[in-house]
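Written out below as structure tokens is the structure these notes cover.
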Amino acid sequence: MQLSYDRYLDQVLGGWIGKSMGGAVGARFEGNKGWIEIHPDDMFPAQMPPNDDLDLQVLWLKVLEEKGAALTSDDLAAAWLEGCWYPFNEYGIFRRNWRLGIHPPYSGRFTNQFWETGMGCPIRAEIWGYVFPGAPDLAARYAAMDGTLDHTEQSVGAEMMFAAMASMAFFVPDVRRLASMFMHYLPKDTPIERLTRAAFQAYDEGLSLRDARDRLMALAGIPEACDSQINVPFTFLGLLYGGNDLQETMLAALRCGYDTDCTLATAAALVGQILGASCIPEHLKRAVGDELVMGIEYRRAEMTLSALARDTARMGVLLSRECATGVEIVGAPEVAPLPATAKAPAIRLWVEYDGLPAAAPGDTVNVTVHLEGSVPANTFLSIEGPRGWTVVPEIARVDSIHRTIPVALHAPAHTIEWPMRHLFTARLGTYPPVTYTFGVAGAGIWQLLGVYYDALPDERDPVQQRRRFNQHFVSLQRAYLPEPDVDVEAMYQAWSRKLGRPAIVPSYEHEINLSQLIGLRGPYCAYLARTIISPDERSAYIVIGNNDGYRLYLNGELVGEADECVWWSPFNNVHHVTLRSGPNRLLLKLLKRGDDLRFTLGFRASTGRRHGHNTEDWLVDLVDIVPS
């Protein structure tokens with residue numbers, strides 16, 4: 001296939017203009033889940049805001065310029081930590097996991113129960129399509145390297161689909177055809193796939209946009225504003241009901257609400273790319289201007305959209321040649337070659353986990369160390385772990401045939417302190433040696449102080465009296481143990497004897513899963529305690545996800561409580577606290593009044609540099625005291 005360079009550059013610029021435009025229009029409505037109607041004259045803000053939809057893609061272009069086609073997920077991860085402070089939602093989970101030594105794809109899965117289907121990676125798709133014009137499979141492959149930093153299959157599949165669509169939009173200027181070509185990247189029979197197909201069906205049946213939106217919500221809607229399972233289908237509603245009209249596409253996506261900066265930016269980027277910058281209406285281009293507005297630390301030499309398009313097209317020319325995509329970009333100018341760093345290493349190590357990349361004392365984490373590239377004969381691979389851990393085998397012979405080594409990492413069963421971070425180093429005995437650092441997260445260590453309930457109903461409550469044969473009863477206001485002055489060690493030992501085993505509840509992904517010890521059905525109250533060591537006195541946020549009532553004490557002082565039954569999400573409640581230097585004692589009272597109990601608790605920094613817990617990184621340097 002042949003592609004005129006002038007047309008290619010015009011379409012790339014049109015895409016970046018559309019991306020900036022949609023993000024600017026949608027930004028101030030982000031999180032509004034209602035039906036949003038505005039007049040076209042009121043679309044644009046007075047000043048262009050930065051947008052994470054574009055910022056990270058600009059950073060990915062930097063990695064491409066340094067690494068070329070040899071880039072890996074780890075290269076993207078390292079660049080993120082260096083050049084992008086964003087710790088929001090799934091971004092923060094990725095940053096926490098990477099600092100714990102957990103690499104992609106596990107960085108997108110571990111402790112990411114809620115945000116794994118977020119919109120954070122479908123919005124980063126365009127760069128991969130733009131630098132691989134006419135090579136949709138390549139675009140999708142690199143999009144997957146990106147998406148697995150902080151997401152799992154549904155969101156990653158959406159990014160792969162959008163990247164492939166952007167790759168072929170240089171040759172196929174039809175949204176419906178592009179979608180039909182690449183919708184297979186969405187995991188089959190998942191909510192995102194079913195709702196995306198339902199969006200096209202609703203449009204084909206002649207439903208109004210509002211009725212189409214209502215249908216999608218009724219079929220498998222979700223309360224979270226920034227989830228890809230509903231926002232990707234809403235993006236297609238904007239594209240379908242907007243036709244090829246850029247302004248109407250943005251207004252149609254905006255009407256659907258939810259993650260409006262993302263849905264508008266993705267839809268407008270595709271239409272802008274298909275049109276090309278030269279065919280975007282002038283009044284829309286004037287509203288955006290040419291300035292590249294970014295909210296991260298990284299800056300390019302020329303902070304304009306036109307320079308960004310030029311530099312993106314340069315990478316497209318170079319990668320089309322390097323990867324032999326079969327696409328000839330005709331009339332391209334002479335471009336500077338890729339640097340010497342754009343070369344894959346002769347040997348690469350990576351680690352695959354068999355299960356969670358996390359452990360409590362006494363656990364075993366099984367991993368497989370993989371070697372890629374040319375491995376000399378009679379080479380030895382060694383694994384070094386933290387003090388107290390046993391690695392089996394510590395040393396193994398590897399060569400061009402034996403390049404996958406199963407390794408068992410045995411956590412010490414008897415230890416006093418249990419850090420959040422446990423780092424291992426795999427070292428290949430070549431010259432120079434090849435090393436790879438990976439991690440295992442330390443589980444939180446909670447002591448169960450018992451489960452309690454009222455077997456008899458309140459005599460003054462006729463409703464409870466009527467249910468006395470079928471129910472137990474529980475109240476947040478009743479102190480089943482003396483709060484907060486509980487004799488933790490005495491109650492822990494007593495319940496260890498009752499249960500016939502240590503009354504320990506390890507929290508592997510911030511989650512307190514009482515079913516590890518307790519099978520009591522019906523309502524109950526559980527008390528738990530945990531002692532953590534902080535390396536210094538610091539302000540912090542305790543971030544709680546709950547679906548029922550709880551009360552939390554820190555060092556004998558009431559931190560907060562909630563007497564509620566809600567849908568679980570990880571940020572349902574947040575408490576600002578001061579951690580002492582040294583040991584800090586948590587006492588937690590949990591209620592279970594429904595069929596299931598869901599409770600998570602994590603710690604975020606509070607630096608004062610930015611506002612709110614969701615703009616702070618998760619702490620990874622705390623240490624749990626392990627009870628005897």
Side-chain angles (χ1 to χ4, degrees), residues 1 3 5 8-9 11-13 15-16 54-84 103-105 121 124-149 156 159-160 162-164 166-168 170 292 296 298-302 307-350 370-374 432 434 436:
M1 295 186 291
L3 177 62
Y5 176 81
Y8 173 44
L9 179 61
Q11 288 189 266
V12 171
L13 179 56
W16 287 140
L54 181 57
D55 289 352
L56 277 164
Q57 298 195 73
V58 177
L59 188 60
W60 293 168
L61 178 59
K62 173 181 181 287
V63 181
L64 279 162
E65 290 170 332
E66 294 171 350
K67 299 291 185 177
L71 74 82
T72 66
S73 289
D74 283 1
D75 294 324
L76 298 173
W80 189 327
L81 262 289
E82 179 184 346
C84 174
H103 296 248
C121 80
R124 307 196 297 256
E126 288 83 14
I127 183 64
W128 310 115
Y130 294 172
V131 300
F132 291 111
D137 292 341
L138 266 179
R141 191 179 108 200
Y142 283 84
M145 292 184 193
D146 172 13
T148 52
L149 295 177
V156 173
E159 182 177 359
M160 295 171 74
F162 284 136
S167 172
M168 284 306 295
F170 295 106
L292 174 59
I296 63 176
Y298 172 64
R299 292 291 185 273
R300 295 190 66 80
E302 293 184 55
L308 178 64
R310 180 199 65 215
D311 295 342
T312 303
R314 168 182 171 262
M315 285 308 306
V317 171
L318 292 171
L319 291 173
S320 293
R321 297 168 184 169
E322 179 183 351
C323 299
T325 63
V327 174
E328 181 185 3
I329 301 177
V330 180
E334 289 294 322
V335 294
L338 292 170
T341 53
K343 183 179 180 181
I347 305 173
R348 189 172 79 90
L349 298 175
W350 59 281
H370 295 265
L371 286 75
E372 293 180 354
S374 177
V434 177
Y436 181 83

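Sequence positions, counted from 1, serve as the residue numbers for this chain. Just so you know, these numbers use all the heavy atoms, side chains as well, and skip hydrogens, waters and symmetry mates.
- Here the closest heavy-atom approach between residue T148 and residue A144 is recorded as OG1-O, 2.9 Å.
- A distance of 8.0 Å separates CH2 in W128 from CD in E159, rounded to the nearest 0.5 Å.
- Under the 30°/60° scheme for interplanar angles, the aromatic rings of Y130 and W16 are found to stand perpendicular.
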field: side chain to side chain contact (heavy atoms under 4.5 Å, CB included) assessment of L349 paired with H370
entry: CA-CA 6 Å; L349 298 175; H370 295 265; over 6 Å; no
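- Checked by atom type and distance alone, the side chain of S167 never pairs as donor or acceptor with a backbone atom of A163 at under 3.5 Å.
- In this structure, L76 and L149 have side chains that are in contact, with non-hydrogen atoms separated by less than 4.5 Å.
- Taking CH2 of W80 as the start and CG of L59 as the end, the distance is 9.5 Å to the nearest 0.5 Å.
- Summarising the geometry, atom CG belonging to L371 is positioned 7.0 Å from atom CD1 belonging to I347; distances are rounded to the nearest 0.5 Å.
- Every residue was checked against the salt bridge (Lys or Arg N to Asp or Glu O under 4.0 Å) condition with E328, not counting sequence neighbours, and none meets it.
- Separating the CG atom in L56 from the SG atom in C84 is a distance of 4.5 Å, to the nearest 0.5 Å.
- More than 12 heavy atoms of other residues, nucleotides or ligands sit less than 6.0 Å from atom CD of E372.
- Panel note: side chain Q57, backbone I127; a donor-acceptor pair is recorded below 3.5 Å.
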message: Test side chain to side chain contact (heavy atoms under 4.5 Å, CB included) on W350 and H103; report intermediate values, then the result.
response: CA-CA 9 Å; W350 59 281; H103 296 248; over 6 Å; no
For residues 131-139, please give each side-chain donor-acceptor pair under 3.5 Å, one per line with the distance, not counting sequence neighbours.
{"unit_1": "D137", "atom_1": "OD1", "unit_2": "Y185", "atom_2": "OH", "d": "3.0"}

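- Judged purely by atom type and a 3.5 angstrom limit, S73 uses its side chain to pair as donor or acceptor with the backbone of M145.
- Remark: side-chain polar atoms of D311 are not paired, donor with acceptor, to backbone N or O of L308 under 3.5 angstrom.
- Atom OG1 in T312 sits 11.0 Å away from atom CD in E126 (nearest 0.5 Å).
- A donor-acceptor pair is defined here as one N or O able to donate and one able to accept, closer than 3.5 Å; such a pair exists between the side chain of R314 and the backbone of A336.
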- request: Would you please test V335 and M315 for side chain to side chain contact (heavy atoms under 4.5 Å, CB included) and show each step?
  value: CA-CA 9 Å; V335 294; M315 285 308 306; over 6 Å; no
message: Is there a side chain to side chain contact (heavy atoms under 4.5 Å, CB included) between F170 and I329? Walk through the geometry before answering.
response: CA-CA 11 Å; F170 295 106; I329 301 177; over 6 Å; no
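- Distance CG/L292 to CG/L54: 6.0 Å, rounded to 0.5 Å.
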Just distance, no hydrogens or angles: give the donor-acceptor pairs under 3.5 Å from side chains in residues 64-71, sequence neighbours left out.
{"unit_1": "E65", "atom_1": "OE1", "unit_2": "R300", "atom_2": "NH1", "d": "3.2"}
{"unit_1": "E65", "atom_1": "OE1", "unit_2": "R300", "atom_2": "NH2", "d": "3.3"}
{"unit_1": "E65", "atom_1": "OE2", "unit_2": "R300", "atom_2": "NH2", "d": "2.7"}
{"unit_1": "E66", "atom_1": "OE2", "unit_2": "K62", "atom_2": "NZ", "d": "2.9"}

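- Pairing each heavy atom of V63 with each of A79, the nearest pair is CG2-CB, 3.5 Å.
- One N or O on the side chain of R124 and one on the backbone of D146 form a donor-acceptor pair closer than 3.5 Å.
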